[in-house]
A.B. asks: 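One structure, as structure tokens, below. Some questions next.
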Amino acid sequence: MRIAIVDANNFYVSCERLFQPSLEGRPVVVLSNNDGCAVARSAEAKAMGIQMGQPYFQWRHLANKHRITVLSSNYALYADLSNRLMGVLGQFSPVQEVYSIDESFLDLTGMTVDSLLLGATIRERVRRWVGLPVCVGMGPTKTLAKLCNHFAKKRPDMAGVCDWDSLSTEAQANLLAETPAGEVWGIGRRIEDRLMARGACSVADFLSMNPTHIQQQFGVTLARTQAELRGTPCLSIEEVSPPKQQIMCSRSFGQQVTDLTALREAITLHTCRAAEKLRKEGQGAGMVQVTIRTNPFQTQEPQYGRSAHVAMRYPTADTRKLLEAALQGLQEVYREGFRYAKAGILLTDLGTRGAVTTDLFDHHSADTEKTDRLMSTLDAVNRRYGKSTIAPGTAGLKAPREWAMRRGNTSPSYTTRWADLPVVSANLQQGIVGNNQSTGTPGTKNRRSS
DNA sequence: TCTGGGGTCCTAGGACCC
DNA sequence: TCTGGGGTCCTAGGACCC
């Protein structure tokens, strides 16, 4: 096998820089929802000591002092650029696995091209056609390819491309000895600590451990990781993503809420979004789980958190039925007197809606063709005129909601909203769309060649 | 004052079966 | 003076990923 993994550098930051070139060479950080934590950092911001996942309030002083550009996350922009990136990468192999929003595995098995040349070509083409910087790692297994991708990012002399098989035996050994085991794909904080307690600090140390002991003490997953590092493939490329097993929609509130009405609004909106995803997947849910909780970081406040499971009679994708179940679950878990920080719903027991044995005496439970048509129409309207144009009454009418997400500094949706297109002049923009705040004009996503 | 939102897989232990 | 052996299914919790 020969596998490549292509991974964008500081993906969210690079997306922002693409439309704001003045940010090039300057420290930039993109925040998580609610402007909570750092989720993407430019090289300059990393050098200032800002950690991945670190809460904003802990490094706000640094941001002020060093004039760091701090942006709220703009998922419409990132998702669109991700699609373009994946499209270009797909041209380099018939077998592609889109692994995450900014990463893709490519199967290069049997190709005769020179690895380093191919890697350089991929980088050049993505840079030119999409505008994003990427690094390429290659190897005989996914885990080795990932490790090489790490090397390609860390070592300037590699020029963004690293192929395991092109390295000399000596170079391989040196890299393995220099690299901490925690950098390996599949070794997280906990396992790294346990490995260190056994004296294994580097990847080389980890490789020298007895596979049988690894399996016994750490489980089969880590044993596979070790085998992959030794060049034995255990993980294959998954071209078609297997059907989802669960769909989750949850959000922290911009500010904490106490009353049931606000929670009902949030749960309603989350259920609608989850049901939409469910229909996109072509599935139905057999179980709805509702969760609410207070803020665990506010240790001096009374804490409360609970989930309720509500079973559906049949796997369904009908927003109304799922919502009824969700609100019933919320009623069960809600207690007065707490300041809630987060609410969410989880759809599980997913199955194909067609493959249902209907109840002889209950003709109204399973999704009917009429239901499907209604839901399709609902989705079409909300796609056309913007999210929640049609929403259940329990979503509330008051906008903006006081618990809405905090987003201090979001960039425009440059590629998915006509009004935000960077090429349109200000006058023209006024003439065409006025101050219309509605989202995506239909089809914009597919007209990216223009 | 301020701490994200998704997912997956594996394992251990309990309930239950014959 | 004493209570088998073998199996499945389910769930909660822990680990990982981005």
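All chains are named by letter (A, B, ...) in the order of the sequence lines, taking the proteins before the strands, and each is independently numbered beginning at 1. Predicted model, so just to flag it, every value in this text is computed and none were measured.
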A.B. asks: Between C/dC18, B/dC2, B/dG4, spot the one nearest the side chain of A/Cys37, thanks.
C.D. replies: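 In terms of side-chain proximity for A/Cys37, the closest of C/dC18, B/dC2, B/dG4 is B/dG4.
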A.B. asks: Going through the checks in order, is the side-chain contact (heavy atoms from CB on, under 4.5 Å) test met by A/Asn33 and A/Ser73?
C.D. replies: CA-CA 7 Å; A/Asn33 279 337; A/Ser73 40; 4.0 Å; yes
A.B. asks: Within this structure, what is the OH-to-P distance between A/Tyr78 and B/dG4, rounded to whole angstrom?
C.D. replies: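 Nearest whole value for this atom pair: 17 Å.
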A.B. asks: Between B/dG6, C/dC17, C/dC16, spot the one nearest the side chain of A/Ile191, thanks.
C.D. replies: C/dC16
A.B. asks: What is the separation between atom CE on A/Met405 and atom C1' on B/dT3, rounded to the nearest whole Å?
C.D. replies: 15 Å
A.B. asks: In terms of ring plane angle, is the pair A/Tyr304 and A/Tyr340 parallel, tilted or perpendicular, where the classes change at 30° and 60°?
C.D. replies: perpendicular
A.B. asks: At under 4.0 Å, does any side-chain N or O of A/Asn34 touch on OP1 or OP2 of B/dT3?
C.D. replies: no
A.B. asks: Tell me whether A/Lys154 is salt-bridged to A/Glu183, with the criterion being a basic N under 4.0 Å from an acidic carboxylate O.
C.D. replies: no
A.B. asks: Counting only side-chain N and O atoms of A/Ser250, is one of them less than 4.0 Å from OP1 or OP2 of B/dG6?
C.D. replies: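 Yes, A/Ser250 has a side-chain N/O under 4.0 Å of OP1/OP2 on B/dG6.
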A.B. asks: For DNA chain B, whose closest nucleotide is more 5', that of A/Arg406 or that of A/Asn33?
C.D. replies: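 So the residue in question is A/Arg406.
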A.B. asks: Please work out if A/Tyr56 contacts a base, only the sugar-phosphate, or nothing of the nucleic acid, heavy-atom cut-off 4.0 Å.
C.D. replies: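 Nothing: the residue A/Tyr56, judged by heavy atoms under 4.0 Å, touches no strand.
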A.B. asks: A side-chain contact here means heavy atoms from C-beta on lying under 4.5 Å apart; do A/Tyr12 and A/Tyr75 qualify?
C.D. replies: yes
A.B. asks: May I ask you to say what A/Val184 touches in the nucleic acid, namely base, sugar-phosphate or nothing, with a heavy-atom cut-off under 4.0 Å?
C.D. replies: sugar-phosphate
A.B. asks: For A/Ile247, report the nucleic acid contact type (base, sugar-phosphate, nothing); a contact means any heavy atom under 4.0 Å.
C.D. replies: sugar-phosphate
A.B. asks: Quickly work out the A/His61 NE2 to B/dT1 C1' distance and round it to whole Å.
C.D. replies: 17 Å
A.B. asks: I want to check one thing: is the phosphate of B/dG4, taken as OP1 and OP2, less than 4.0 Å away from some side-chain N or O of A/Ser73?
C.D. replies: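 So the side chain of A/Ser73 is outside the cut-off, no N or O lying under 4.0 Å from OP1 or OP2 of B/dG4.
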A.B. asks: In a check of side-chain contact (heavy atoms from CB on, under 4.5 Å) between A/Leu235 and each of A/Ile3, A/Thr225, A/Thr143, which one passes?
C.D. replies: A/Thr143
A.B. asks: So, is A/Lys342 near the phosphate of B/dG5, with a side-chain N or O under 4.0 Å from OP1 or OP2?
C.D. replies: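 So the side-chain polar atoms of A/Lys342 do come within 4.0 Å of the phosphate oxygens OP1 or OP2 of B/dG5, strictly under.
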A.B. asks: Within this structure, what is the OH-to-C1' distance between A/Tyr75 and B/dG7, rounded to whole angstrom?
C.D. replies: 14 Å
A.B. asks: Separation of A/Asp35 atom CG from B/dC2 atom P, in whole Å?
C.D. replies: 14 Å
A.B. asks: Ignoring backbone atoms, establish whether A/Arg251 has a side-chain N or O less than 4.0 Å from OP1 or OP2 of B/dG6.
C.D. replies: yes
A.B. asks: Any side-chain N or O of A/Lys244 under 4.0 Å from OP1/OP2 of B/dT8?
C.D. replies: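 Looking at the OP1 and OP2 atoms of B/dT8, neither is under 4.0 Å from any side-chain N or O of A/Lys244.
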A.B. asks: Among B/dG6, B/dT8, B/dG4, which nucleotide sits nearest the side chain of A/Gln246?
C.D. replies: B/dT8
A.B. asks: Calculate the interatomic distance between A/Ile187 atom CD1 and C/dC16 atom C1'; express it in whole Å.
C.D. replies: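 One finds 11 Å between C1' of C/dC16 and CD1 of A/Ile187, rounded.
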A.B. asks: Mind checking A/Gln215 for me? I need base, sugar-phosphate or nothing, with any heavy atom below 4.0 Å counting as a touch.
C.D. replies: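 Since no nucleic acid heavy atom lies under 4.0 Å of A/Gln215, the category is nothing.
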A.B. asks: What is the nucleic acid contact for A/Arg194, judged by heavy atoms within less than 4.0 Å: base, sugar-phosphate only, or nothing?
C.D. replies: nothing
A.B. asks: With side-chain contact (heavy atoms from CB on, under 4.5 Å) as the criterion, how do A/Arg198 and A/Met196 come out once you've worked through the C-alpha distance, each side chain's angles and the decisive distance to 0.1 Å?
C.D. replies: CA-CA 5 Å; A/Arg198 287 164 173 75; A/Met196 279 210 275; over 6 Å; no
A.B. asks: Take atom CZ of A/Phe253 and atom C1' of B/dC2, then tell me their distance rounded to the nearest Å.
C.D. replies: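 A/Phe253 atom CZ is separated from B/dC2 atom C1' by 17 Å.
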A.B. asks: Over how many whole Å does the gap from A/Arg190 atom CZ to B/dC9 atom C1' extend?
C.D. replies: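 Between C1' of B/dC9 and CZ of A/Arg190: 17 Å.
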A.B. asks: A/Asp102 has a side chain; which of B/dC10, B/dG4, C/dC18 sits nearest to it?
C.D. replies: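 Out of B/dC10, B/dG4, C/dC18, the nucleotide with an atom closest to A/Asp102's side chain is C/dC18.
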A.B. asks: Closer than 4.0 angstrom, basic N to acidic O: yes or no for A/Lys387 and A/Glu276?
C.D. replies: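 Salt bridge absent between A/Lys387 and A/Glu276.
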A.B. asks: Counting heavy atoms from C-beta on, name the nucleotide in B/dG4, B/dT8, B/dG6 closest to the side chain of A/Gln245.
C.D. replies: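 Among the listed nucleotides, the one closest to the side chain of A/Gln245 is B/dT8.
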A.B. asks: Check every atom of B/dT3, B/dC9, B/dG7 against the side chain of A/Met248 and return the nucleotide holding the closest atom.
C.D. replies: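 Selected nucleotide: B/dG7.
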A.B. asks: Quick one: is B/dC2 close enough that its OP1 or OP2 comes under 4.0 Å of any side-chain N or O from A/Gln298?
C.D. replies: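 For B/dC2, OP1 or OP2 has a side-chain N or O of A/Gln298 closer than 4.0 Å.
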A.B. asks: Please determine, for the side chain of A/Val220, which listed nucleotide (B/dT8, B/dC2, B/dC10) has the closest atom?
C.D. replies: B/dC10
A.B. asks: Under 3.5 Å for both donor-acceptor distances, Watson-Crick or wobble: does C/dT8 have a partner, and if so which one?
C.D. replies: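 C/dT8 is paired with B/dA15.
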A.B. asks: Below 4.0 angstrom from OP1 or OP2 of C/dC16, is there any side-chain N or O of A/Lys146?
C.D. replies: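 The answer is no; no side-chain N or O of A/Lys146 sits under 4.0 Å from OP1 or OP2.
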